[in-house]
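Reminder, nothing fancy here: chain letters follow the sequence lines and each chain counts from 1.
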Amino acid sequence: MSYLIHLSTLFSIYAILGVSLNLLIGYTGLISVMHAAFFGVGAYATALLMTKLGLNFFLAAILGAVISGVIGCAIGWLFARLGGDYYVMGSVAWNFIVVSILINWESLTNGPLGIPGIPKPSLGGFSFGSNVPFLILSLIFLVCVYAISRWVVRSSFGRVIKAVREDEEAARVFGYHTLFFKVAVSGIATAMAGIAGALFASYITFIEPTTFSVMESVLILAIVIFGGFANIRGSLLGAFALVLIPEALRFAGFSADIAANMQQLVYGLVLVLFMLYRPQGLIGEYRF
Amino acid sequence: MDIFAQLLANSVIAGALYTLITLGFNLIYGATKLINMAHGAVAASGGYIVFFLTQTWGWGMIPAVFAGVLGAGVLGAVLDWLIFAPLRRRKARPPVVFTASLGAFTVLQAFLAILFGAQFLALLPAEAADTVSVGGALITSVQLATMGLAALASVGFFLFLRFTTFGKVVRAISDDEEVAKMLGVNTDRIVRIVFFIGSAVAGLAGIMIGLDTGIQPTMGLFIIVEGVIPSIVGGIGNMAGGVIGALLLGFAENFGIWFIPSQWKGAIAFGLLTLFLIFRPQGIMGRK
């Protein structure tokens, strides 16, 4: 039972990542391979604010999301002005650099050793330390992220970002300042990734730089692709399936380090096979 | 040992390695407009082929290097045959092809880790490194060979693209694949050969890195980032620009550590990229 609760908590964290990345990729057409970097920025910001300044989890998580979102806007502005190829390449480089900063800025991040002993959330004397309350808390965050995303994609704002994806030139002709919309979506999506990072840090109570590598971004991308572009329910489905894959591999009896590589192999195959045979994903509403 | 001379030598050595990576990356981008993420893993595979042949089958180093270069080339051509050619035929849009290449990268990297383990492996025993002194800087024979090969490859690519019929056809495909096809060019075959050549040079880069320091499955990511940054700095797809970008990156990184600690090499590379994205996004040699 506690195992199921553990998986459900992981599911809600990865669902937040998948849904928010879908805003960028599926709706706006910005192929980002750096979502794990913002996941990491949120996790580190929250962990440091809690352990070094003793802030409450909720305050730290919100600040973490803001920091992640502000950096997300800046990076989004830097890459999105220049069109698809630059965005993609720049995003890979940025994720790589964030991990190298987390490893090398030892005075702040404690380097490769990571940050241990991150406290569990508590509010007004009530602790979310045990598994069930924490699961409920992460599900509440997931529902919020889902609701905001749904509102975003159904609003007039959502229609404009879809127009940017379809034909940026045309959207500009109609008077939309498209760069502003791309930067805004970047800010929203990366702030959500920051929230996922805050939950992750507090749930695992220990974070280290390599958790947030490009390979993690590939996993989040696989979640989006599995479920489908431009369908946020699809990303829930993707998170569900891809959180279960490692467990299935473990039941299949692979040893721990082989299993980690097998996981990557499966994520990679998901990307290749979906692109070859079903580029819109299982229930996607858009195909590139 | 003169510090300035040593830094100068290190810059050129790093630039030579980046040149080998960027040449193949740019060649493939030029012909297909594909940001080939698999390029990094193909390069790593070259290093692993040499490791396998010398350690397990007891081959000599020279034939093993030839086999490694050839093997990487074949691997690239096979990837084109299995993944990229079918996508091209379907006129898949760039995000789809990119994602497939990212998947191929992930699969190859996981495959290397399963076969050889995640640890660092040396292609040469440490005592085999013989150094020569050039104008006050110490350079190993491997590094000397890397510089020679990079120069040879750059000149070779230039002459090949400029003066052979094949080179003209590649440039024609790069300008407009449809028109080239209409004029009777077998574009699939040409692109297959382009993949072979580009991947073989990448394999050479992986082998030289392996001989200089060592190989690890995750080196592919480093390779792709260090190949992408010079490519953007020089102007994506521009061969001469790529070489200039590679040298510039080598100099920026090595002279940068005169002023800031050496672990910030990655941040310097990203800083250079950022400067170019803001002030000259088309790159040194690029046309707007």
Side-chain angles (χ1 to χ4, degrees), chain A residues 25 29-31 33 75 77-79 81-86 88-90 92-101 103-106 111 210 213-215 217-219 221-222 224-225 229 254 257-258 260-277 279-280 287-288, chain B residues 29 33-35 37-38 40-41 79 82-83 86-87 90 92-115 117-118 217-218 221-222 224-229 231-232 236-237 261-267 269-271 273-274 277-278 281-282:
Chain A
I25 297 186
L30 294 170
I31 308 292
V33 196
I75 293 295
W77 173 81
L78 184 62
F79 296 147
R81 305 183 298 148
L82 302 169
D85 286 351
Y86 288 96
V88 165
M89 295 215 238
V92 177
W94 169 243
N95 200 144
F96 188 77
I97 297 311
V98 166
V99 173
S100 104
I101 291 174
I103 290 174
N104 292 317
W105 196 352
E106 289 196 21
T210 54
S213 70
V214 175
M215 284 301 118
S217 291
V218 171
L219 160 63
L221 184 63
V224 173
I225 284 167
F229 296 124
F254 290 106
D257 50 329
I258 296 284
N261 292 318
M262 286 299 290
Q263 259 178 62
Q264 277 200 8
L265 200 75
V266 172
Y267 298 148
L269 279 178
V270 165
L271 296 188
V272 174
L273 294 178
F274 268 94
M275 288 306 106
L276 278 173
Y277 301 111
Q280 71 271 44
R287 50 187 300 179
F288 278 97
Chain B
Y29 182 90
K33 297 290 171 287
L34 162 66
I35 299 166
M37 287 295 291
L79 287 178
L82 283 179
I83 302 174
L87 288 173
R90 214 172 303 155
R93 283 173 58 191
V96 171
V97 193
F98 164 79
T99 310
S101 82
L102 187 60
F105 168 82
T106 313
V107 170
L108 280 179
Q109 179 177 309
F111 206 63
L112 290 177
I114 290 171
L115 283 181
T218 48
L221 191 60
F222 167 81
I224 198 70
V225 171
E226 301 291 9
V228 154
I229 292 179
S231 171
I232 294 182
I236 308 182
S262 63
Q263 67 261 38
W264 294 106
K265 252 187 179 177
F270 192 74
L273 175 70
T274 309
L277 286 183
I278 293 177
Q282 73 273 37

* Structure fact -> Turns out that what part of A:Leu221 lies under 4.5 Å from chain B's heavy atoms comes down to side chain
* Asked: Between B:Thr218, B:Leu221, B:Leu87, which shows the greatest number of heavy-atom pairs under 4.5 Å with chain A?
  -> B:Leu221
* Residue of the set A:Ile225, A:Val88, A:Val218 for which side-chain contact (heavy atoms from CB on, under 4.5 Å) holds with B:Thr99 -> A:Ile225
* Asked: What part of A:Val33 gets closer than 4.5 Å to chain B, counting heavy atoms only: side chain, backbone, both or neither?
  -> side chain
* Pick one of side chain, backbone, both or neither for B:Leu108, based on which atoms fall under 4.5 Å of a heavy atom in chain A. => neither
* To do: Determine whether A:Asn261 and B:Gln109 make a side-chain contact, defined as any pair of heavy atoms from C-beta on separated by less than 4.5 Å.
  => no
* Would you name the heavy atoms of B:Val107 and A:Gly268 that are closest together and state the gap between them? => CG2-C, 3.5 Å
* Asked: Given the options B:Val228, B:Ile224, B:Ile114, B:Val97, which has more heavy-atom pairs under 4.5 Å with chain A than any of the others?
  -> B:Ile114
* Asked: Between A:Asn104, A:Val272, A:Leu271, which residue shows the highest count of heavy-atom pairs closer than 4.5 Å to chain B?
  -> A:Asn104
* Structure fact -> Bottom line for A:Ile31: the part with an atom under 4.5 Å from chain B's heavy atoms is side chain
* **Steps toward side chain to side chain contact (heavy atoms under 4.5 Å, CB included) verdict (A:Arg81, B:Ile278)** => CA-CA 9 Å; A:Arg81 305 183 298 148; B:Ile278 293 177; 4.2 Å; yes
* **Atom of B:Leu277, atom of A:Tyr86 and distance for their closest heavy-atom approach** => CD2-CD2, 3.8 Å
* Asked: Which pair of heavy atoms, one from A:Met275 and one from B:Ala100, lies closest together, and at what distance?
  -> CG-N, 3.7 Å
* Report the relative orientation of the aromatic rings in A:Phe79 and B:Phe270; use parallel for angles under 30°, tilted for 30 to 60°, perpendicular for over 60°. => perpendicular
* Name the region of B:Ile83, side chain, backbone, both or neither, that has any atom closer than 4.5 Å to a heavy atom of chain A. => both
* Structure fact -> Counting heavy-atom pairs under 4.5 angstrom with chain B, the leader among A:Leu78, A:Val92, A:Ile258 is A:Leu78
* Structure fact -> Applying a strict 4.5 Å limit to non-hydrogen atoms, the region of B:Thr274 in contact with chain A is both
* Structure fact -> Whatever's closer than 4.5 Å to a heavy atom in chain A on B:Leu102 counts as both
* Measure distances from A:Ile97 to the heavy atoms of chain B and classify the residue's part below 4.5 Å as side chain, backbone, both or neither. => side chain
* Structure fact -> Comparing A:Phe274, A:Trp77, A:Trp105 against chain B, the one with the most heavy-atom pairs below 4.5 Å turns out to be A:Trp105
* To do: Output the distance between atom OG1 (B:Thr106) and atom CD (A:Gln264), rounded to the nearest 0.5 Å.
  => 6.5 Å
* Working for side chain to side chain contact (heavy atoms under 4.5 Å, CB included), residues B:Phe105 and A:Met215 -> CA-CA 10 Å; B:Phe105 168 82; A:Met215 284 301 118; 3.1 Å; yes
